[in-house]
Amino acid sequence: GINAEYGRRIHFIYFSPSHQMTNRDISTKDIKQLIQSARSWSDFFDTNGFQTPRVDGLADRISGNINYYFVNYVLLVFGCVAIMILSQITAVIILAFGTAGYALINTTDSLDIKKNLYLYNGGILGGTILILLLITSGEVVRGLFLGGAVITLHAAFRMRTLENKATVTINKGLNYLQGQLNKLQDKIQ
C-alpha cells in the first residue's frame, strides 16, 4: 500500500515554515527523520524492477523516480563523495588528526580551554573541513559526477510501480495544497 506517513514526513521536512534554514538549523532529529524516510534499499536495488525505457515515457519515468527515491539518491551521492574522499590516504590522515585534536581538546581540564570550548572545537572542525576541501576538491567533484551518473541511470532504467506513481501524485497534490495555504496565509497577514 501507499505509505501516507512517508509523504507527510517528507512534506513536513521540506515545506514546514519551522524547517526553513533562515529560522533554525537542521537538527540531528531532522537528519534521522529524513534518513528514515528513505525507500528500502532492497526495493531500490531490486533487479526485477529494471527495464529499458521507451523514449516517449522517459521524462515521466525519470522525474517520477527522482521524486520517489529522492532521499535514496541524496544518500547515494553522499556515499559516492565519501568514498572518493576516503580513497585518498592524505584525507584519511587529515581526518585522523582532526579527530585526535577534537578528542584532546574535549578531554582537557584546562579552564582556559573550557571557557572557549566552542571556539576551539569550531576551529578544529572548520580547519579540518577547509583542508579536506582544498586537498580533495577534485575527489568531491568526481564523487558528485559519479553520483549523478548512477542516479541518471537508475532513474532512467527503474520501472515506475503503482506505488511510485501514486506517491508522486500525492506529493504533487500536497505541494499544491501547501502553495494554496501559503497564499491564504499571506492574504490573512
Side-chain angles (χ1 to χ4, degrees), residues 1-46 49-51 53-82 84-85 118 121-122 125-126 129-130 132-133 137 140-141 143-189:
I2 297 171
N3 187 349
E5 182 61 29
Y6 165 79
R8 284 193 291 273
R9 280 188 289 175
I10 290 296
H11 189 266
F12 176 75
I13 290 170
Y14 292 135
F15 300 107
S16 173
S18 65
H19 279 72
Q20 293 175 357
M21 292 298 286
T22 55
N23 293 339
R24 70 178 189 83
D25 294 332
I26 294 176
S27 70
T28 306
K29 181 181 174 187
D30 293 332
I31 294 170
K32 286 180 183 177
Q33 189 177 23
L34 186 64
I35 290 172
Q36 289 172 348
S37 65
R39 298 291 173 181
S40 75
W41 291 103
S42 60
D43 174 45
F44 186 79
F45 289 116
D46 180 20
F50 289 93
Q51 183 181 49
R54 292 188 337 264
V55 175
D56 60 338
L58 187 60
D60 285 339
R61 182 185 278 196
I62 289 174
S63 66
N65 282 332
I66 287 175
N67 283 326
Y68 189 72
Y69 292 112
F70 179 77
V71 176
N72 298 74
Y73 289 147
V74 169
L75 295 174
L76 189 72
V77 168
F78 279 130
C80 288
V81 170
M84 294 304 286
I85 288 174
Y118 288 112
N121 283 338
L125 180 65
I129 290 173
L130 179 65
L132 273 176
L133 286 176
S137 59
V140 170
V141 171
L144 290 172
F145 278 124
L146 177 63
V150 171
I151 288 171
T152 303
L153 288 171
H154 185 275
F157 286 94
R158 182 73 166 102
M159 289 186 305
R160 293 182 62 200
T161 62
L162 183 58
E163 182 179 0
N164 177 317
K165 292 176 183 178
T167 302
V168 170
T169 303
I170 289 169
N171 285 339
K172 284 181 183 177
L174 288 172
N175 291 340
Y176 173 77
L177 291 174
Q178 183 65 40
Q180 295 301 317
L181 182 63
N182 289 342
K183 287 179 185 177
L184 184 61
Q185 287 175 340
D186 289 342
K187 286 181 181 180
I188 291 173
Q189 294 174 355

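Remember, it's a predicted structure, so these values are computed and weren't measured experimentally.
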Which residues satisfy the ring pair (Phe, Tyr, Trp, His ring centres under 6.0 Å) test with F50, sequence neighbours excluded?
-> H154
By ring pair (Phe, Tyr, Trp, His ring centres under 6.0 Å), which residues pair with F45, not counting sequence neighbours?
-> W41
Listed by chain and number, what are the side chain to side chain contact (heavy atoms under 4.5 Å, CB included) partners of [X], not counting sequence neighbours?
X: I62; result: L58, I66, A155, A156
X: I129; result: L125, L133
X: S40; result: S42, D43
X: F78; result: V74

Of all residues at least two apart in sequence or in a different chain, which pass the side-chain hydrogen bond (donor to acceptor under 3.5 Å, both in side chains) check with D46?
-> none
Atom CD in Q180, atom CD in Q178: separation rounded to 0.5 Å?
-> 10.5 Å
Atom pair CG/OH of L181 and Y176 - distance to nearest 0.5 Å | 12.0 Å
Between Y68 and R158, a side-chain donor and acceptor under 3.5 Å = no
Shortest non-hydrogen separation from M159 to R61 and the atoms involved = CG-NH2, 3.8 Å
Taking every non-hydrogen atom, the tightest pair across L144 and V77 = CD2-CG1, 3.7 Å
Are any non-hydrogen side-chain atoms of [X] and [Y] less than 4.5 angstrom apart?
X: L76; Y: N72; result: no
X: I35; Y: V71; result: no
X: R39; Y: Y69; result: yes

Please list, chain by chain and in numerical order, all residues satisfying salt bridge (charged side-chain N to carboxylate O under 4.0 Å, His left out) with D186, sequence neighbours excluded.
-> none
